[in-house]
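Residue numbering restarts at 1 for every chain, and letters A, B, ... go by the order of the sequence lines. Just the heavy atoms: all of them, side chains too, but no hydrogens, waters or symmetry mates, feed the values below.
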Number of protein chains: 2
Amino acid sequence: MEKFTLEDVAKLAGVHRSTVSRVINDSPNVSPEVRKRVQKVIHSTGYQPNAAARSLASQRSYMIGLVLPRSVSSFFTDPFFPHLTQGIAFGCNNNNLSLSLFLAGNREDEEKILPRIARRGFLDGVLIQSGRPDEFLIDRLTKSNIPSVIIGRPFLSDGLSFIDIDNVNGAIKATQHLLDLGYKRIATITGNHDSTVTVDRLEGYKKALKAVGREFDPDMVAEGDFSEASGYQAVKTLLPRKPDAIVAQSDIMAVGAIRAMQEVGLRIPDDVAIIGFDDIPVARQLKVQLTTIKQPITRFGIKAVELLIDLIENGTKPARRIILDTELVIRDSCGAKKIREHV
Amino acid sequence: MEKFTLEDVAKLAGVHRSTVSRVINDSPNVSPEVRKRVQKVIHSTGYQPNAAARSLASQRSYMIGLVLPRSVSSFFTDPFFPHLTQGIAFGCNNNNLSLSLFLAGNREDEEKILPRIARRGFLDGVLIQSGRPDEFLIDRLTKSNIPSVIIGRPFLSDGLSFIDIDNVNGAIKATQHLLDLGYKRIATITGNHDSTVTVDRLEGYKKALKAVGREFDPDMVAEGDFSEASGYQAVKTLLPRKPDAIVAQSDIMAVGAIRAMQEVGLRIPDDVAIIGFDDIPVARQLKVQLTTIKQPITRFGIKAVELLIDLIENGTKPARRIILDTELVIRDSCGAKKIREHV
DNA sequence: GATGCAATTGAGAGCGCTCTCACGAGTGTG
DNA sequence: CACACTCGTGAGAGCGCTCTCAATTGCATC
């Protein structure tokens, strides 16, 4: 098992190293008998080509990186990220790629990580979670010419390839749903303002209101940070404004919001309706199941990997963009299933 | 920027490739002036050694793998895993290692992943999350001679190196705390029974009861699966037995349990006390802050990486074990801070 | 001034693959 | 039967590093 190389396989099969290489990379130019003989040896010996040698010779590592800048601290508070990571891992498994994970806790980490990521001969490409407006890692990595796909629209998307879900439209659907049900005082809990996700979902919220001639009221907006605790806090701010419905920009913030409302004895959806965003499992597990905007999280991850492969194989120019659709999932937290006598 | 190699740096610095290599790997035998000159060139050109070439020549990849078998589906329902992953990532950053992530969704994934992990020249070692009793991946990987550290005591730990927290003792502390406060009918919500975590924590619970001469009552045990929903369900089973306190084997199950109890109007800790396990952030964010057994999650991850490095550098024999201590964190969910007139 | 020794540098043989090129055998064509 | 052409295989030159060994130098020693 120790140090078993191509050469050894070749000897056992009575052919030249080159031929074994051809079999492994299923090149067409090998006669059926020889191919069979070589495959038999490979199988019986459990031979696996040396990854480093292969990378060096072929200039391909078949490994991609997933980079989470320090700004993505919600990796640990929002189940969205583990799910996304899972989707990406699936995409990698399906395409015989390996996935390398880079988590930066602080600026120092980012500095330390950067040269490792950009090192030639290491990664074929990277997926970078978009972050704040001036994202150090995105800036550096995209400049380093390594094929990169940004997960989520970056603030400056010029010339960059990215994949995102249609946040604007998703928020429109959510707000529209509440409007259709006759709610009048629709508040919203946003993520942190320095995220395009927040910006886009807020824009959708505004657009939906405008579409029915409703005035946008800044007082009906509370800023959170995509954590459960921030949803809880946001409700404290919002309650004095007497909303009858809330658009939460993430399910996990909706969970926090519900907790806060239940504490003061408000019933959902009777007193206040609430709609989330993401459709993570917890949405289904609440006592009052959460109506939400479903993101195709797993598909999102898989598509991201496929887009990156496209860039790796066919060049990064021109920049490509993929926007995935969302879906309104109606459960119980907005009262759509009851007959509403409102309006 | 394209194809800039050691040789190019050498030419610019007017020395031989070997010398540049020495500077990069800070070998002592380089004169100060030359070292300075070479470093200047490296800096000004932004040179980074080719990872594949280096791995091939040195037989070290400076990359380790984190393997999550399909049985670890709670990666997505329990925040414990993202935190652990973070700890591991920190450990890697501190030691200039890269981290490769392998998530298996099903058996097919595991088969597909295995040869990639075991490929020579790819990983220096692997961290494997322990799983079910007959874990396919653990079995295969440890047999393949790649240095491996199991995260969490495996069922069959013979000859394997692993790291775990002291689950038995942690559960003793938890149960003891409730006993000390005078609770009489202490129930417990466990994880899935085919996990050593569950087994160990249940054992601690039993031991603590026995230590004070209390009989163990199987009816006071409800099996969950470390998910919030299972904690919720478990309470439904447990309530008819009228417990006055509950040891939940994870915070997230405690959250579910609390939700269930609040729904039927039980107050915490006045009607039922509850203690969790893990000390994830949510424990602090609940209205009634959760008393819990704190795991040093980040340190756990860092230590795991260090143990693996030890195995890589000094050989895997004899097998090494690290058991980390837990800590009782007293908050409000057990009533310890009020003066109890019970007993 | 011959000798020994440490410090510094250069030379070059790998590491285990891929991939182009050359070669020989087999096939078809006029 | 000479020719071109395809197909399968072998040869061997890299890929960009590391690391051992040899060569060179400077300096102390006797």
Side-chain angles (χ1 to χ4, degrees), chain A residues 1-39 41-42 45-63 115-116 118-124 313, chain B residues 1-39 41-42 45-63 96 115-116 118-124:
Chain A
M1 197 69 200
E2 295 296 306
K3 295 258 172 169
F4 196 73
T5 74
L6 248 202
E7 205 75 53
D8 299 318
V9 175
K11 218 170 285 168
L12 286 178
V15 293
H16 190 264
R17 172 164 40 93
S18 307
T19 303
V20 180
S21 174
R22 285 188 190 98
V23 172
I24 286 174
N25 299 296
D26 14 53
S27 144
N29 301 326
V30 182
S31 71
E33 318 94 76
V34 173
R35 182 183 302 274
K36 212 168 221 169
R37 204 167 71 224
V38 172
Q39 277 170 338
V41 174
I42 291 176
T45 56
Y47 169 76
Q48 280 290 329
N50 181 296
R54 172 178 261 195
S55 296
L56 180 57
S58 68
Q59 307 285 38
R60 273 272 243 151
S61 66
Y62 294 93
M63 176 145 83
R116 285 220 312 275
R119 211 195 251 0
R120 285 150 313 113
F122 181 39
L123 298 175
D124 289 340
E313 291 179 349
Chain B
M1 197 67 201
E2 296 294 308
K3 294 258 173 171
F4 195 73
T5 74
L6 249 201
E7 204 76 52
D8 299 319
V9 176
K11 218 169 286 169
L12 286 177
V15 294
H16 189 265
R17 170 165 42 94
S18 307
T19 303
V20 181
S21 174
R22 286 191 190 95
V23 172
I24 287 175
N25 299 296
D26 16 53
S27 146
N29 302 325
V30 182
S31 70
E33 320 95 75
V34 172
R35 183 184 301 277
K36 212 169 222 170
R37 205 166 72 223
V38 172
Q39 277 171 338
V41 174
I42 291 177
T45 57
Y47 169 76
Q48 280 292 327
N50 181 295
R54 173 177 260 195
S55 297
L56 181 58
S58 69
Q59 308 285 37
R60 272 273 244 150
S61 68
Y62 295 92
M63 174 146 83
N96 262 295
R116 286 219 312 275
R119 212 198 250 358
R120 283 151 314 116
F122 180 39
L123 298 174
D124 289 341

**Message:** Which residues in residues 48-56 of chain B have a heavy atom closer than 4.0 Å to any atom of DNA chain C?
**Reply:** L56(B)

**Item:** Donor-acceptor pair, side chain of R120(A) and main chain of T5(B), under 3.5 angstrom
**Value:** no

**Prompt:** Among all residues two or more places apart in sequence or in another chain, which pass the side chain to side chain donor-acceptor pair (under 3.5 Å) test with R37(B)?
**Reply:** none

Let me check something: any side-chain donor-acceptor pairs from residues 53-60 of chain A under 3.5 Å, sequence neighbours excluded? List them with distances.
from: R54(A); atom 1: NH2; to: N25(A); atom 2: OD1; distance (Å): 3.1
from: S55(A); atom 1: OG; to: A51(A); atom 2: O; distance (Å): 3.0
from: S55(A); atom 1: OG; to: R60(A); atom 2: O; distance (Å): 3.4
from: S58(A); atom 1: OG; to: R54(A); atom 2: O; distance (Å): 2.7
from: S58(A); atom 1: OG; to: R60(A); atom 2: N; distance (Å): 3.4
from: S58(A); atom 1: OG; to: R60(A); atom 2: O; distance (Å): 3.4
from: R60(A); atom 1: NH1; to: D124(A); atom 2: OD2; distance (Å): 3.0
from: R60(A); atom 1: NH2; to: E313(A); atom 2: OE2; distance (Å): 3.2

**Request:** Taking only heavy atoms on the protein side, list every residue of residues 9-22 of chain B lying under 4.0 Å from any atom of DNA chain D, sorted numerically.
**Result:** R17(B), S18(B), S21(B), R22(B)

**Closest approach of V41(B) to A13(B) (non-hydrogen atoms, all atoms of both residues)** = CG2-CB, 3.9 Å

**Complete:** Rounded to the nearest 0.5 Å, the CZ atom of F4(B) sits from the CG atom of L12(B) at a distance of 5.0 Å

**Request:** Would you grab the first and last nucleotide of DNA chain D (5' to 3') that comes under 4.0 Å of any non-hydrogen atom in chain A?
**Result:** dG8(D) to dC17(D)

**Prompt:** Which residues satisfy the side chain to side chain contact (heavy atoms under 4.5 Å, CB included) test with R35(B), sequence neighbours excluded?
**Reply:** V23(B), D26(B), V30(B), Q39(B)

**Item:** Pair listing, salt bridge (Lys or Arg N to Asp or Glu O under 4.0 Å) test, anchored in residues 14-23 of chain B, at least two apart
**Value:** E7(B)-R17(B)

**Message:** Using C1' atoms of five pairs at each end, report the bend of the helix from dG1(C)-dC30(D) to dG30(C)-dC1(D) rounded to 10 degrees.
**Reply:** 50°

**Message:** Between R116(A) and Y62(B), does the side-chain contact (heavy atoms from CB on, under 4.5 Å) criterion hold? Intermediate values first, please.
**Reply:** CA-CA 10 Å; R116(A) 285 220 312 275; Y62(B) 295 92; over 6 Å; no

**Asked** Roughly how far apart are T45(A) OG1 and D8(A) CG, rounded to 0.5 Å?
**Response** 9.0 Å

**Residues L6(B), I24(B); criterion side-chain contact (heavy atoms from CB on, under 4.5 Å); working and verdict** = CA-CA 10 Å; L6(B) 249 201; I24(B) 287 175; 3.9 Å; yes

**DNA chain C-proximal residues of residues 27-38 of chain A, any heavy atom under 4.0 Å** = none

**Message:** Restricting to side chain to side chain donor-acceptor pair (under 3.5 Å), what partner residues turn up for R119(B), sequence neighbours left out?
**Reply:** Q48(A)

**Asked** If you look at every heavy atom in G121(B) and S61(B), which pair is closest and at what distance?
**Response** O-CB, 4.3 Å

